[in-house]
Amino acid sequence: MKKLMIGNEAVARGLYDAGCAVISSYPGTPSTEITEFFSKFDDAYCEWAPNEKVATEAAFGASLRGKRSACCMKHVGLNVAADPLFTVSYTGVNGGMVICVADDPGMHSSQNEQDSRHYAIASKIPMLEPSDSQESYDFARLAYEISEQFDTPVLLKMCTRVAHSQSIVETRDKAENVEKPYEKNPQKYIMTPANAIRRHPFVEERTKNLAEYAETSPLNRIELGDDTESFGIITSSTSYQYVKEVFGDSVSVLKIGMINPLPAELIKNFSKKVDKVYVVEELDSVIESHCKNIGVDVVGKDIFSITGEFSQKTVAAAFELDKNYSVSLDTSIPVRPPMMCAGCPHRGLFYVLSKNKLTVLGDIGCYTLGSAAPLNALDMTLCMGASVSGLHGFNVAGGEETESKTVCVIGDSTFMHSGVTGLINIAYNQSNSTVIILDNSITGMTGHQQNPSTGYNIKGDPAGKVSLEKLCESIGINSIRVVDPYNLEECERVVKEEIAKPEPSVIISRRPCVLLKYVKPKKPLVVNNEKCRGCKRCMKFGCPAISFRDKHAKIDPTLCVGCETCEQLCPFDAFEMEGN
């Protein structure tokens, strides 16, 4: 069967057709759709886990039982999963295990652009890197064969362009689900120091065997060009597509599909076929460094950037080719900065924090947008859960000087991911810190995935629901308040009361995301021009539905959801319900 698929759908189908029985993931762009597509297969188990570490451990548990399994995450999620990652390299697997990780060169939706290939090298786990949707499907299937043949988990590395670009995929018949028997094997699976010492030589021998496999594997292939004597290019992933689009079949290419371990003899043989070798790879010089380490002289980061995402234009410019891949427009397009949606429940709370000039430590999610003008509400965003841990450190260092002037904000999903451990630290060490959980009843930024606090699983069926109030109470927080962020007066009063208390406290700002299907918008508000004085106080709120023209505020009825928060801001009662 042939079908047009994005790379992430192709991975999901490849995992399923290879007989994957269990998949556990945490959503993170650009990896999220792999698990969402996989969840449509009703004869396989699929779940959202609280975080990537849990997902990896769950996938390992399924592998241990003898089932083929997978877990999926974005590149920064692999940091969270690093603890089990390095040790599962030692234990190896029973049923095949694939760890899908999606990098984000250019940081379209990430706080850094780390290169996950380093994790493969450091953990000594093989990594496959597809360059289009067909390879995403094929590599996902092949990953299980490699996993079971070499007794290892396999990393499948995607990137934003491959994950979200579409191309034709020809699928094959689904493999039969093979269940390997579970046999107790303490020396293999119990990683006490004595057992781990004995497993390390196995890992080194496995790496040697995988390197030999890489020399002849169809994952790595030489494509001889029309001009075989000038220069050749070694490349991988989406960079391969850019090279082919710029040069066609005119130059010879060594296309790398198995990025770890890299072949040596194959690269040396390729280099002998051409006068000069270039390496085209996004981010760090992984292939380039390997080539130089084995004595192959190449040109790479001398002409290519070590930061950002490549394109056809990048490749053409590096080779000084007179090709124009830019699209010119007669009219300049204004920049649209990222912003919270009209009616976003986070906006009211951020307005209160900004108004009171509080120091606010932020976290990863939609609410990161609170850092933008005109709210300018955030002082820090580091990584998942860091707002809570950072608040504790900030306050124990600052003492009374900061305790009544500093809070942190974290979403419900992020709190379940890694914020709760920071709150346990606050409760245990009794720092005078106020944590604000922005509960919008969903994992918002990555596209509305369920989490342990919503009461639904990945398929939308009822599931166990964690009560944020009871969870906070159970770990020793005595002062817990719930506010409606659409009620600005209530929010301001509660925030002031909680930061004044000489004890740890939690404020839960609860209002569902306005984009959820069950949230029905009210009629849009209108501005009474006779009452509007043009004071622009409403513009400080940053709602995209409100603009200012002809000396008066205006409301875009196609954006307004009737939350009535702006009505509370106007000292002249100029905002009215339509028809009043």
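With E281 as the fixed residue, the salt bridge (Lys or Arg N to Asp or Glu O under 4.0 Å) test singles out one of R117, K157, K301: R117. Screening I436, I480, V435, I499 against I507 for a side-chain contact (heavy atoms from CB on, under 4.5 Å) leaves a single residue, I436.
Contact check for S109 versus K74: side-chain heavy atoms found under the 4.5 Å cut-off. Annotation: side chain of Y351 is in contact with side chain of L569 (closest heavy-atom distance under 4.5 Å). Within the 4.5 Å cutoff, the side chain of F41 has no heavy atoms near those of the C46 side chain. Using a 4.5 Å heavy-atom threshold, the side chains of Q111 and I364 count as touching. In this structure, Y119 and L85 have side chains that are in contact, with non-hydrogen atoms separated by less than 4.5 Å. A heavy-atom distance below 4.5 Å is not found between the side chains of M158 and C100. For the pair V360/V409, a side-chain contact is recorded, criterion being any heavy-atom separation below 4.5 Å from C-beta on. A 4.5 Å side-chain heavy-atom check between M539 and P374 finds every atom pair outside the cut-off.
Side-chain N/O atoms of T359 and D379 include no donor and acceptor closer than 3.5 Å. Between E36 and Q449, the side chains place a donor N or O and an acceptor N or O closer than 3.5 Å (distance only, hydrogens not considered). A donor-acceptor pair shorter than 3.5 Å cannot be found between the side chains of E113 and H75. Side-chain atoms of N528 and E576 include a donor-acceptor pair closer than 3.5 Å. Side-chain N/O atoms of T414 and Y367 include a donor and acceptor closer than 3.5 Å. No side-chain N or O of N51 forms a donor-acceptor pair with one of S418 less than 3.5 Å apart. Side-chain atoms of S431 and N429 form no donor-acceptor pair, as typed in the model, at a separation below 3.5 Å. H118 and D284 form a side-chain donor-acceptor contact under 3.5 Å, judged by distance and modelled atom types alone. Between E282 and S237, the side chains place no donor N or O within less than 3.5 Å of an acceptor N or O (distance only, hydrogens not considered). Side-chain contact annotation: K465 with T454, donor-acceptor N/O pair under 3.5 Å absent. E47 and S24 share a side-chain donor-acceptor pair at under 3.5 Å. Side-chain atoms of Q450 and N457 form no donor-acceptor pair, as typed in the model, at a separation below 3.5 Å. Residues S547 and K554 bring no donor and acceptor atom of their side chains to less than 3.5 Å of each other. Checked by atom type, the side-chain pair Q114/N79 shows a donor-acceptor distance below 3.5 Å. Donor-acceptor pairing under 3.5 Å is lacking for the side chains of S31 and Y26. With no hydrogens or angles considered, a side-chain donor-acceptor pair links S133 and S167 at under 3.5 Å.
In this structure, E52 and G77 approach most closely via the heavy-atom pair CB-O, 3.3 Å. The two residues V527 and C532 have their closest heavy-atom pair at CG1-CB, 4.0 Å. Taking both residues in full, the closest heavy atoms of P27 and T446 are given as CB-OG1, 3.7 Å, listed atom of the first, atom of the second, then distance. Pairing each heavy atom of A59 with each of A70, the nearest pair is CB-O, 3.6 Å. Closest of all the heavy-atom pairs between S479 and P504 is CB-O, 4.1 Å. Contact record, I410 with V388: CD1-CG2, 3.9 Å, taken as the closest heavy-atom pair.
If you take OG on S467 and CD1 on I508, they are separated by 7.0 Å, rounding to the nearest 0.5 Å. L559 contributes atom CG, which lies 7.5 Å from atom SG of C543 (distance to the nearest 0.5 angstrom). Once rounded to the nearest 0.5 Å, the distance linking CD of E469 with OG of S453 reads 10.0 Å. To the nearest 0.5 angstrom, Q568 atom CD is 4.0 Å from L488 atom CG. The CG atom of N487 sits 9.5 Å away from atom OG1 of T565, with the distance rounded to the nearest 0.5 Å. Note that CZ of F575 and SG of C566 are 4.5 Å apart. Values are rounded to the nearest 0.5 Å.
No donor-acceptor pair under 3.5 Å is formed between the side chain of D363 and the backbone N or O of G411. Looking at R347, its side chain does come within 3.5 Å of a backbone N or O of F541 through a donor-acceptor pair. Panel note: side chain D103, backbone P105; no donor-acceptor pair is recorded below 3.5 Å. The closest donor-acceptor contact from the side chain of H552 to the backbone of D550 lies under 3.5 Å. Formation of a donor-acceptor pair under 3.5 Å by the E490 side chain with backbone atoms of D484 is found in this model. Side-chain N or O atoms of R511 include none that pairs as donor or acceptor with a backbone N or O of D439 at under 3.5 Å. Remark: side-chain polar atoms of S509 are not paired, donor with acceptor, to backbone N or O of L438 under 3.5 angstrom. Side-chain N or O atoms of S371 include one that pairs as donor or acceptor with a backbone N or O of T368 at under 3.5 Å. A donor-acceptor pair under 3.5 Å is absent between the side-chain atoms of S354 and the main chain of F350, judged by distance alone. In this structure, N8 contributes its side chain and P30 its backbone to a donor-acceptor pair below 3.5 Å.
With respect to the salt-bridge test (charged N to carboxylate O, under 4.0 angstrom), the residues K53 and E57 qualify. Using a cut-off of 4.0 Å between Lys/Arg side-chain N and Asp/Glu carboxylate O, E400 and K405 are scored as not salt-bridged. With respect to D573 and K531, no salt bridge is recorded, no charged nitrogen being found less than 4.0 Å from a carboxylate O. The residues K459 and D461 are annotated as not salt-bridged, no charged nitrogen and carboxylate oxygen being separated by less than 4.0 angstrom. With respect to K496 and E492, a salt bridge is recorded, a charged nitrogen being found less than 4.0 Å from a carboxylate O. By the 4.0 Å N-to-carboxylate-O rule, E498 lies close enough to K501 to be salt-bridged with it. Residues E9 and K3 are paired through a salt bridge, judged by an N-O separation under 4.0 Å between the basic side chain and the carboxylate.
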Inset, instruction - With side chain to side chain contact (heavy atoms under 4.5 Å, CB included) as the test, would you mind laying out the steps for I437 and C472 before giving the verdict? - result: CA-CA 11 Å; I437 302 174; C472 295; 4.1 Å; yes
Inset, instruction - Decide yes or no on side chain to side chain contact (heavy atoms under 4.5 Å, CB included) for F548 and K536, but give the supporting numbers first. - result: CA-CA 8 Å; F548 196 83; K536 297 186 178 181; 3.4 Å; yes
Inset, instruction - Given side chain to side chain contact (heavy atoms under 4.5 Å, CB included), test E567 with L525 step by step and report yes or no. - result: CA-CA 9 Å; E567 190 178 29; L525 275 69; 4.2 Å; yes
Inset, instruction - Start with the C-alpha gap between S389 and N425, add the side-chain angles, then the distance that decides, and say whether side chain to side chain contact (heavy atoms under 4.5 Å, CB included) holds. - result: CA-CA 7 Å; S389 306; N425 190 39; 5.8 Å; no
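In summary, the aromatic rings of F310 and Y242 are positioned with their centroids too far apart to meet the 6.0 Å limit.
A 6.0 Å sphere centred on OH of Y428 holds no more than 12 heavy atoms belonging to other residues, nucleotides or ligands.
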